[in-house]
Structures are given as structure tokens and as C-alpha cells.
Amino acid sequence: MSVHSQTKRLTLRDLQGLCDRQEPIASLTAYDATQARLMDAAGVDLVLVGDSLGMVVLGHETTLPVTMDDMIYHTRAVARGLRRALLMADMPFMSYVSVDQALHNAARLMQEGGAQMVKLEGDAQQVAVVTAMSHHGIPVCAHLGLRPQSVHKLGGYRVQGREAAAAQRMIKDAMALQEAGADMLLLECVPSTLAAEIRAMARIPVIGIGAGAQCDGQILVVQDILGMTDHAPRFAKNFLTGQASVQAALAAYVQAVKSGSFPAVEHSFLS
Ligand SMILES: Nc1nc(=O)c2c([nH]1)NC[C@@H]1CN(c3ccc(C(=O)N[C@@H](CCC(=O)O)C(=O)O)cc3)CN21
Ligand SMILES: CC(C)C(=O)C(=O)O
Ligand SMILES: [Mg+2]
């Protein structure tokens, strides 16, 4: 760490500390240095360079065309804009099909991109990959529920875990990934009750997107909170409305997450 860095870089331990104090973790996606700088100033704790960049930045229909080089390019840009927030980057589609390949690509996101942590979409199938990452000192977040890289298998972007069997499987997968060494869980588009159940069982932070208020933190795609997307998902909210600037909108988002006013029931899915 450089001697003149004014603000302390948040670590996983700091995020765990927020959980322990029941202070919600405010998280957003970012894809460039300007977004990163503004989010840092607004007090965002965790910044994700999401493979959603394939859709919101590159204009693809899905996240599937995103490459490792795309991820590294944007992660590097975001890293240059951040001083405080913890930086996490998505492992793109098919970049973690074997343990060796997953380690190689996670190392690239950290060494070339400057990520402090990686995220992968996984069920219990990913236990071997998560175990290996954990053994090699790579902090990892496991993304459960709606996994956009599986959109063609799922048949669309739908709520996951509504049936009892699917809910039980998700709970089992979450616990297996935690035991394998996952440092964080991310739940996308799951009923609030199921998210609350997983959060109650987990000893690692649980971040939600469309997963209700009973999570340790919330994340949204930045374009959705700034009213820039054509069809934002129902769980997102436009925070630019009524604000005079992007900076003020980002601060309003952080405040809403910290105070618990976001997400409201209309941004959540009931069982
Ligand atoms: N702009 C944007 N925001 C996102 O949150 C996002 C992306 N892009 N791209 C990658 C994935 C895809 N995501 C999505 C996309 C659409 C829905 C959606 O339309 N959901 C329905 C609910 C369907 C149901 O009720 O089962 C909705 O009305 O919100 C959800 C998640 C989340 N991610
Ligand atoms: C929506 C978040 C969780 C994500 O994975 C992404 O932006 O790619
Ligand atoms: Mg993603």
C-alpha cells in the first residue's frame, strides 16, 4: 500500500464487519473509471465489474459473448477510479469450466485487472473450483439463483427457487459453496423468504439483487438506477428521479440501502 493513500481500501474483513454490525453493504456494478470514482465518493462499499457489460456496455442480447479480455479491459479501468471500495470482477461464460482454467483466469482478473475478488455463477457443480480458489488465496463470491450465463438453459430471466425442491437445492448449494471456501454469496431473483433463509444459515455476507431486503447487502446494475436502460428489471429502481446529478443519485442509492428503505416490497419477489 502506498504511504500517501488517504482512504483505506476496504477488505473482505471490513465487509464482514458491516454484516456483524447489521449495516447493509451498498454495492453497484461499474464498467469505467468515471463511474468508479463517483461511486467511491458516494460511499459504495463493493463495486462489481459485471459481465452484464456485454449487454449494457457492448449491446449484446445476453452476457454470453463476453470474453476474458473484455473483463480485464473494464476491470483495469474501474480499478484506476477506485480508492476505497472493494473491487470484484465476474468470471465470464465458459472461463471456469476446469479447475486449472478457473485458477488461470481468476489470476488474470487479479494480476492484469486489479480485482480483489472474483465472482462465478455456480451451483454445487462449482465446489471443486471454489475449493481450489480458496486454497490459492483467491477470494470468491458464488452467484446463485438466476444465473444469466445459463439463460438459454433457463429459458429466460425468471425468478428461481419458487418450487420447494428448487428452494431446498439452492440452500444445499449455498451451504456447499460456503463450506468449499466461498467468501460471499450473491442471490439474484429469488423469493425474499428463501433469501432470508439462506442469509440466516450463512456465516458469509449474502448480497441480493431482486432477493428482498433480508440480505446483508444489495447490488444493482448502475445503468438501471440512473434510468438509462430500456427495460430495467422490476427489482431495480431509478434513483436519478428527483436528483440534480448522477453523484446525488448514487448517494441516494447508498443512503436507501443503508437505511433499509431499498428494496421495498415492489422490488422483491414473494414466494
Ligand atoms: N440492465 C441490466 N440489469 C440487470 O439487472 C441485469 C442485466 N442488465 N443483464 C444481466 C442480468 C440479467 N438480469 C435480469 C434481466 C431481466 C430480468 C427480468 O426481466 N425479470 C422479470 C421477472 C420475471 C419473473 O417474474 O419471473 C422482471 O419483471 O423483473 C431479471 C434479471 C439481471 N442482470
Ligand atoms: C447483476 C450482477 C449481480 C451481475 O452479475 C452482473 O452485473 O453481471
Ligand atoms: Mg454477472
Side-chain angles (χ1 to χ4, degrees), residues 25-32 35-36 39 44 46-68 70-71 74-75 78 87-96 109 115 117-122 126 140-163 166 184-192 194-195 205-212 215-239 253 257 262-271:
I25 295 166
S27 182
L28 285 171
T29 67
Y31 312 98
D32 65 34
Q35 291 170 346
M39 283 174 199
V44 171
L46 171 66
V47 167
L48 169 70
V49 182
D51 61 348
S52 52
L53 72 83
M55 297 167 75
V56 294
V57 177
L58 303 177
H60 295 298
E61 287 285 337
T62 69
T63 60
L64 276 62
V66 175
T67 65
M68 274 300 301
D70 292 334
M71 290 308 305
H74 288 278
T75 303
V78 169
L87 177 55
M88 174 161 78
D90 264 343
M91 302 281 296
F93 181 59
M94 294 296 280
S95 70
Y96 47 99
L109 288 172
M117 181 167 191
V118 301
K119 176 165 78 60
L120 50 81
E121 296 182 11
Q126 301 303 336
V140 57
C141 173
H143 177 157
L144 296 158
L146 172 55
R147 291 173 284 138
Q149 291 172 14
S150 303
V151 62
H152 296 308
K153 184 114 174 155
L154 298 172
Y157 299 114
R158 298 209 184 83
V159 178
Q160 301 295 309
R162 275 202 157 127
E163 306 78 19
M184 189 181 284
L185 296 173
L186 184 144
L187 302 179
E188 175 166 347
C189 260
V190 305
S192 308
L194 175 57
V206 176
I207 310 294
I209 173 167
C215 295
D216 298 303
Q218 300 292 328
I219 185 165
L220 286 175
V221 168
V222 64
Q223 283 84 357
D224 293 337
I225 75 160
L226 297 177
M228 298 169 78
T229 30
D230 250 357
H231 304 288
R234 207 196 83 193
F235 54 71
K237 178 180 171 181
N238 183 342
F239 282 89
Y253 168 74
V257 170
F262 180 84
V265 280
E266 68 262 33
H267 308 116
S268 309
F269 301 105
L270 307 174
S271 39

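Just so you know, ligand 1 is whichever comes first in the structure, and atom 1 is the first atom listed for that ligand. This chain uses plain numbering: 1 for the first residue, then up along the sequence.
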Enquirer: Could you give the distance from CG (Leu46) to CG (Leu28), rounded to the nearest 0.5 Å?
Expert: 9.5 Å
Enquirer: Among Phe262, Phe239, Phe235, which one satisfies ring-ring contact (aromatic ring centres under 6.0 Å, His included) with His267?
Expert: Phe262
Enquirer: Provide, to 0.1 Å, the distance between atom 2 (C) of ligand 2 and the closest protein heavy atom, together with that atom's residue and name.
Expert: Leu48 CD2, 3.7 Å
Enquirer: For a quick test of reading the model, state the closest non-hydrogen atom pair linking Val66 to Pro92 and the distance between them.
Expert: O-CB, 3.5 Å
Enquirer: Can you tell me which residue pairs pass the salt bridge (Lys or Arg N to Asp or Glu O under 4.0 Å) test with a partner in residues 141-151, sequence neighbours excluded?
Expert: Asp123-Arg147
Enquirer: To the nearest 0.5 Å, tell me how far Phe93 CZ sits from Gln149 CD.
Expert: 7.0 Å
Enquirer: Around atom 1 (C) of ligand 2, find the nearest protein heavy atom and jot down its residue, atom name and distance.
Expert: Ile209 CD1, 3.6 Å
Enquirer: Quick one: closest heavy-atom pair of Ala166 and Gly161, and the distance?
Expert: CB-CA, 3.9 Å
Enquirer: Atoms of ligand 2 less than 4.0 Å from Asp90 heavy atoms?
Expert: 4 (C), 5 (O), 6 (C), 8 (O)
Enquirer: Considering only the protein, which heavy-atom contact is closest to atom 5 (O) of ligand 2, and what is its distance?
Expert: Lys119 NZ, 2.7 Å
Enquirer: Quick check on contacts: which atoms of ligand 2 are under 4.0 angstrom from a heavy atom of His143?
Expert: 5 (O)
Enquirer: Taking 2.8 Å as the upper limit, name the protein N, O or S atoms near the Mg ion (ligand 3).
Expert: Asp51 OD1, Asp90 OD2
Enquirer: Could you grab the distance from atom CG of Asp70 to atom OG1 of Thr75, nearest 0.5 Å is fine?
Expert: 10.0 Å
Enquirer: Is the number of heavy atoms from other residues, nucleotides or ligands within 6.0 Å of CD (Glu61) greater than 12?
Expert: no
Enquirer: Within the 4.0 Å heavy-atom shell around Thr29, which atoms of ligand 2 are there?
Expert: 7 (O)
Enquirer: Taking non-hydrogen atoms only, is Asp51 closer than 4.0 angstrom to ligand 2 via side chain, backbone, both or neither?
Expert: both
Enquirer: For ligand 2, which atoms sit closer than 4.0 Å to a heavy atom of Gly50?
Expert: 6 (C), 7 (O), 8 (O)
Enquirer: Can you see which heavy atom on Phe269 is nearest to which on Cys189, and at what distance?
Expert: CE1-SG, 3.8 Å
Enquirer: Minimum heavy-atom separation for Cys215 to Ala195, with atom names?
Expert: SG-CB, 4.1 Å
Enquirer: At what distance, to the nearest 0.5 angstrom, does CG of Leu53 lie from NE2 of His60?
Expert: 8.5 Å
Enquirer: How would you list all residue pairs meeting salt bridge (Lys or Arg N to Asp or Glu O under 4.0 Å) that involve residues 215-224, not counting sequence neighbours?
Expert: Arg199-Asp216
Enquirer: Any atoms of ligand 2 less than 4.0 Å from a non-hydrogen atom of Leu186? List them with their elements.
Expert: 3 (C)
Enquirer: Every pair of nitrogen or oxygen atoms between ligand 1 and the protein that is under 3.5 angstrom apart - can you list them with their distances to 0.1 Å?
Expert:
from     : atom 1 : to     : atom 2 : distance (Å)
ligand 1 : 1 (N)  : Asp224 : OD1    : 3.1
ligand 1 : 1 (N)  : Asp224 : OD2    : 3.3
ligand 1 : 3 (N)  : Asp224 : OD2    : 2.6
ligand 1 : 13 (N) : Glu188 : OE2    : 3.4
ligand 1 : 26 (O) : Val159 : N      : 3.0
ligand 1 : 29 (O) : Arg234 : N      : 2.7

Enquirer: Considering only protein heavy atoms, which is closest to atom 7 (O) of ligand 2, and at what distance to one decimal place?
Expert: Ser52 OG, 2.6 Å
Enquirer: Which value, rounded to the nearest 0.5 Å, describes the distance between Leu186 atom CG and Ile219 atom CD1?
Expert: 6.0 Å
Enquirer: Measure the CD1-CD distance between Ile207 and Glu188 for me, rounded to the nearest 0.5 Å.
Expert: 13.5 Å
